[in-house]
2 protein chains.
Amino acid sequence: MTSRKVVSFENIKVACKNCSLSTLCLPMGLSPDDVERLDSIIKRGRPYHRGDHLYRGGDKFHSLRVITSGSVKTYSPNEDGGEQVLGFHLPGELIGLDAILDDNHNCAAIALETTAVCEIPFTQLESLSSIMPSLQHQMYRLLSREIGQDTEMLTLLGKKSAEERLASFLLSFSERFKQRGFSASDFFLSMSRHEIGNYLGLAVETVSRLFTRFQDESLLHVERKHVQLQDIPRLYEIVQGSDSAKSSQSRG
Amino acid sequence: MTSRKVVSFENIKVACKNCSLSTLCLPMGLSPDDVERLDSIIKRGRPYHRGDHLYRGGDKFHSLRVITSGSVKTYSPNEDGGEQVLGFHLPGELIGLDAILDDNHNCAAIALETTAVCEIPFTQLESLSSIMPSLQHQMYRLLSREIGQDTEMLTLLGKKSAEERLASFLLSFSERFKQRGFSASDFFLSMSRHEIGNYLGLAVETVSRLFTRFQDESLLHVERKHVQLQDIPRLYEIVQGSDSAKSSQSRG
DNA sequence: AAAATGACTTGATCCTGATCAAGAATTTCT
DNA sequence: AGAAATTCTTGATCAGGATCAAGTCATTTT
C-alpha cells in the first residue's frame, strides 16, 4: 500500500475544503490557503442527539459553532421559567455570536435532531483573523448579517399579523433549504408547533389553525412535520402584508 | 503668544482622549496610544438638525457613526410605506453595524434633535483593527453586544405585554442616561409617542394611555416629553412580567 | 396489543390592544 | 397674534389572537 495517496473517508469529510457547505459558511470567499489555515483550528466532535444541549445559558464561551448536519434551536431562557426561541439553525449557519461580548453564553442551543457541528475556538479565530484580513472581513460580515436578520425579525414581531409571520417563516425555510440544494417546496420541519409559535410570538393553537387554513386555501399541504408548499408566489404576497392575497381568495 | 502650548477649545474637544464618552464608546479599553491611532481616522462633521438624515436606506456604506451629542432614531422602511423603528441612540452609541454585510445601508438614521456624530471610515477601521488586536476585539464585542440587544428586543416583542414593554423602554433610558452622568429618574424623551409605539409594536393610543395609567399609579410623572420616574423598583417588577406589581396595586 | 404519554387539532369564549372618532393642547407658519 | 397643522389624549367599539377545554392522532412504554 502506498501510504502517500491513501486518505481515509473520514479525512476527506472533515476538511473545510471538501465540505459542501463552504460557500455558505465561514470559509466563504477565502483563498484555498486561508481555508487551510482556518481549517487547522476547527474541531469536530461527536454528533449531538435530539434534545442534547450544545451549550446552555451561563456556560463559559470558548467556541463558535457551525452546524454541519441536522438542526439546532437557540433560545433565551427568560426570568419566569419560560423561554424565547431565537432561531432555528441549519447546516452552514454559525451560532454563538452573542456570547463574544462577555465570554459567556446568555442563550442556549439544543439539537432538534441528530446534529453535527464544527467548533471554532474563538481565541484562535481572533488571532487568525488578525493576520488574515479576509477572515476578519468575513467575521465582520457575518456579525453584521446576524444583526440584519435580527432587525428583520423585529419587524416581523412588531408589525406583522399571524398569517404574515407563518408565511414568512415557511419561506425562510424554503429559501434556506433551496440554498443547501434541497427542495424549496417539500421539506420536513424539525421543530414542534409549540416551538414555531414561541419563535413567532404566537400561541400553538394559532399556528395549528394557520396551517389548516393555509392548506384549505391550497397554499400548502401539511402532514405533521412534512410541509409541501404549493403556492410560493402567493405566500410571498402574504408576507408583503398587502391584502391583495387575501382579497383574491378570502378564506375557503 | 507662545504657539506651542496654546490649544484652542475646538482642538481639545474633538479628540477621543478628551471625550467624556470614551468609556462607553469604541475606545473603551484601548491603551492611550491605541486611542490616538483610532482618533486619527475619525472624522467630525457639522451637527445635524432635527429631521436630518445621517443616512438613508440604499445609501452606500462608508462609515460607522458614533453619536456624540443629541439623539438618533434608526428605522427600517418596510415595503408598504410604513417603517419599523429599530432603535433610539444616545451619545456614545455606535450605529451602522448592519451595513457592513454588503456595504449598503438597509436601514436609515435620522436626528431626533440637534446631533453631533463622529464618523469612522470602515475600511480604515478594518485596517487598523488588523494591526490592533485590542481594537479588533472591541469591534467583535460591540457587534456581539448589538446582537444581544436585538435578541432582548425579540423577547420583548414576542412575549411581553404593553405595560411590560413601556416599563422596559423607560428603564432602558433611565439606565442609559445614568451611565452618561444624567439623572436616572428625570429626563426628556426626544421621540414622539408615535415613534415609541412603533418601536414597541404598540399603537400611539396605547402608549398614551399607558403613560396616563402609570402616572395614575404613581409610577411616574409625565408631561409631554418630560418624564420623571417615581418608582423605579416597581417599574422593574413590571418588566419581570410577574403580576406581583399588578396585584399589589391594581389600576387606580 | 393495550395503555400511557405527548403532540396536534378544533371549538368556544375572552381579553388585550387596535382602530375609529373626536377633542385638547402644542408647535409651526404666515 | 392668529390660523393651521401636528401631536397627544381620551372615549367607544372592534377584532385578532390568546386562553380554556376537549378530543384526535401518533408515538412510546409495558
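In what follows, chains carry the letters A, B, and so on, assigned in the order in which the sequence lines appear, proteins first and then strands, with residues in each chain numbered from 1.
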Query raised in the report: Stepwise, does the ring-ring contact (aromatic ring centres under 6.0 Å, His included) test hold for A:Phe182 with A:Phe187?
Result: CA-CA 8 Å; A:Phe182 300 108; A:Phe187 46 82; over 10 Å; no

Requested in this report: Name every residue in residues 196-204 of chain A that has at least one heavy atom under 4.0 Å from any atom of DNA chain C, in order of residue number, or write none if there are no such residues.
Outcome: none

Query raised in the report: Can you tell me how far P of D:dC8 sits from CE of B:Met191, to the nearest Å?
Result: 11 Å

Requested in this report: Quick one: pull up CG in B:Leu142 and CD1 in B:Ile147 and give me the separation to the nearest 0.5 Å.
Outcome: 11.5 Å

Query raised in the report: Roughly how far apart are A:Asp102 CG and B:Arg145 CZ, rounded to 0.5 Å?
Result: 11.0 Å

Query - B:Arg56 atom CZ, neighbour heavy-atom count above 12 within 6.0 Å - result: no

Report summary line: OG (A:Ser185) and CG (A:Leu235) are apart, to the nearest 0.5 Å, by 11.0 Å

Report summary line: One should read off an interatomic distance between A:Leu54 CG and A:Thr115 OG1, to the nearest 0.5 angstrom, of 7.5 Å

Report task. Indicate, with a heavy-atom threshold strictly under 4.0 Å, whether A:Arg209 touches base, sugar-phosphate, or nothing. Result -> base

Query raised in the report: Relative to each other, are the rings of A:His105 and A:Phe61 parallel, tilted or perpendicular (30° and 60° limits)?
Result: perpendicular

Query raised in the report: Rounded to the nearest Å, what distance is computed from the CG atom of residue B:Leu210 to the P atom of nucleotide D:dT9?
Result: 11 Å

Requested in this report: Using a heavy-atom cut-off of under 4.0 Å over every strand shown, decide if B:Ser208 touches base, sugar-phosphate, or nothing.
Outcome: base

Query raised in the report: Once you round it to whole Å, what is the distance between P of D:dT9 and CG of B:Leu166?
Result: 11 Å

Query raised in the report: Between D:dG16 atom P and A:Glu205 atom CD, what is the distance in whole Å?
Result: 18 Å

Query raised in the report: Does atom NZ of A:Lys225 have more than 12 heavy-atom neighbours, drawn from other residues, nucleotides or ligands, at distances under 6.0 Å?
Result: yes

Requested in this report: Compute whether any side-chain donor of one residue and acceptor of the other, for A:Ser71 and A:Glu113, lie under 3.5 angstrom apart.
Outcome: yes

Report summary line: Among the nucleotides D:dT10, D:dG17, D:dC8, whichever has the atom closest to the side chain of A:Ala162 is D:dG17

**Report entry** 5' to 3' contact window, DNA chain C with chain A (heavy-atom distance under 4.0 Å)
**Finding:** C:dA7 to C:dA12

Query - Spacing of A:Arg193 atom CZ relative to D:dA26 atom P, expressed in whole Å - result: 13 Å

Report summary line: In whole angstroms, the gap separating C1' of D:dA5 from NE2 of B:His194 amounts to 16 Å

Query raised in the report: Taking atom C1' of D:dG17 as reference, at what distance in whole Å does atom CD of A:Glu164 sit?
Result: 14 Å

**Report entry** Contact nearer the 5' end of DNA chain D, comparing A:Arg224 with A:Lys160
**Finding:** A:Lys160

